[in-house]
There are 2 protein chains.
Amino acid sequence: MVVVRAGLSPERLTRAGAELADEAGFDQVTLSALARHFDVKVASLYSHLKNSHELKTRIALFALEELADRVAHAVAGRAGKDALTAFANAYRDYARAHPGRYDAARFRLDPQTAAASAGVRHAQMARAILRGYDLAEPDQTHAVRMLGSVFHGYVSLEAAGGFSHTDVASQDSWAWTLDSLDAALRRRATP
Amino acid sequence: MVVVRAGLSPERLTRAGAELADEAGFDQVTLSALARHFDVKVASLYSHLKNSHELKTRIALFALEELADRVAHAVAGRAGKDALTAFANAYRDYARAHPGRYDAARFRLDPQTAAASAGVRHAQMARAILRGYDLAEPDQTHAVRMLGSVFHGYVSLEAAGGFSHTDVASQDSWAWTLDSLDAALRRRATP
DNA sequence: TGTATCTGCCTATAGCCTATAGGCAACACG
DNA sequence: CGTGTTGCCTATAGGCTATAGGCAGATACA
């Protein structure tokens, strides 16, 4: 009987899990499904992962990292509304291209893990965007929260199909929303 | 052997499911848990519900209805920023008081069910709020989407603990955000 | 009040999920 | 070329959804 080892590793499992998430949804990412994918028995996965929670955590960290990279790249060299738009689009584009990973990025991490994750970079980049708007604390924190809310809210409602009832194009509402945010932030600038 | 019937019904199961959702999370609402709660065998529930999807759908419809009632009550007799604030607070207060039901209200319904749900009232009320801002189409649709995004985004990030890293009070950011939205909408008013 | 029907909850079963314990063979290294 | 490590295995158990079929409590009607 010719038996070749599958060559599993936490990294390969995470990668495959992320792809599965995009195809079938983050909640369909199970050890069973992954075992099937690698043509391996479920128990074998436990040599590489403590449990299914670790798998989800790893996918979440991977997605946060990947998304942060894209946002950083999009924002580089831009300022003001230009930077705001690039930031927002990077977010939305990622969620549309990788819905499962985007969901994964919202997976609730325990505080320590979160503190060591790319989530920190996300917060830093949001504050960097706001440099163009001259906001003093606590306004800057308020603005970070508002931006995060709008982007996450829009993207998740859009993904849920909430914007397909009328024939107003979602793209137009998105541009309109970014305009409004830019104006709102400029209005808040410290004199 | 004294055997009394448990007196189950779709309504009682939905109610109990909603309560369980608030206590343990919407994803913890299972037929098993419900059967334990009523001290009944799981199979018995299938006389009242087609399957677990129907249970979740019923809880979702219940939550949408309840939330719409609260919003309607909060908004009644108000206009302009006053109405906007009442609308927003009704939303946020509900999500904080009933996190599981709020999650349930976001459960994805099939189009027919959604069309017959209180979700329709939510959309109508959002448009009613905007009457105070004199927006012509398609701006009104854009505004509905933006408001929905901010409210849902804020509430869900707040619930996920995303706003507890700094010591800026979430309440202040919320008020600041509503101020900004009000200003942004007034700016869009048709001249 | 007796009896027939209906229906609510039951047992039994099966499939899919996570998880643990313990075994054997493929691989890597001296 | 042996020998130890480790990658994947079988076996097992517990929790979840779901279906089929059975019995007894509730109800309705003579």
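A, B, ... follow the sequence lines: proteins, then strands. Residue 1 opens every chain.
Judged as a side chain to side chain donor-acceptor pair (under 3.5 Å), and not counting sequence neighbours, the contacts of B:Arg78 are B:Asp82. For A:Asp110, the side chain to side chain donor-acceptor pair (under 3.5 Å) partners are A:Thr113, not counting sequence neighbours. Partners of B:Tyr94 under the ring pair (Phe, Tyr, Trp, His ring centres under 6.0 Å) rule, at least two apart in sequence or in another chain, are B:His98. Annotation: ring pair (Phe, Tyr, Trp, His ring centres under 6.0 Å) contacts of B:His53 (sequence neighbours excluded): B:Phe107. Considering only residues two or more places apart in sequence or on other chains, B:Ser32 meets the side chain to side chain donor-acceptor pair (under 3.5 Å) condition with none of them.
Computed from coordinates, the B:Leu45 CG to C:dT7 P distance equals 19 Å when rounded to whole Å. A straight line from CG of A:Leu8 to P of C:dC27 spans 14 Å, rounded to a whole angstrom. What separates CG of B:Leu34 from P of D:dG15 is a distance of 17 Å, to the nearest Å. In this entry the distance linking OH of A:Tyr46 with P of D:dT12 reads 18 Å, nearest Å. Summarising the geometry, the separation between CG on A:Leu13 and C1' on D:dC8 is reported as 13 Å, rounded to the nearest angstrom. Rounded to whole angstrom, the span from the CD atom of B:Gln28 across to the C1' atom of D:dG15 amounts to 12 Å. The separation between A:Glu11 atom CD and D:dG7 atom P is 12 Å, rounded to whole Å.
B:Asp182 and B:Tyr133 are linked by a side-chain donor-acceptor pair at a separation below 3.5 angstrom, with hydrogens and angles left out of the test.
Taking side-chain N and O atoms only, B:Ser32 has a distance below 4.0 Å to OP1 or OP2 of D:dC16. OP1 or OP2 of C:dT7 has not a single side-chain nitrogen or oxygen of B:His48 nearer than 4.0 Å.
Sorted by first and then second residue, the salt bridge (Lys or Arg N to Asp or Glu O under 4.0 Å) pairs with a member in residues 13-27 of chain B read B:Arg15-B:Glu19, B:Asp22-B:Arg101; sequence neighbours excluded. Residues in residues 140-152 of chain A take part in these side-chain hydrogen bond (donor to acceptor under 3.5 Å, both in side chains) pairs, two or more places apart or across chains: A:Tyr102-A:His152, A:Arg127-A:Gln140, A:Arg127-A:Thr141, A:Glu137-A:Thr141, A:His142-B:Ser173, A:Arg145-B:Thr166, A:Arg145-B:Ser173, A:His152-B:Ser156.
Residue contacts for B:Ser47: at a heavy-atom cut-off of 4.0 Å it reaches a base atom on one of the strands shown.
Heavy-atom distances under 4.0 Å link DNA chain D to no residue of residues 50-59 of chain A.
Closest to the B:Arg36 side chain, of the nucleotides C:dC17, D:dA18, D:dC16, is D:dC16.
Put simply, CG on B:Asp139 and CG on B:Asp134 are 11.5 Å apart, with the number rounded to the nearest 0.5 Å.
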Grab the N/O contacts between the protein and nucleotides 11-15 of chain C below 3.5 Å, and write none if there aren't any.
none

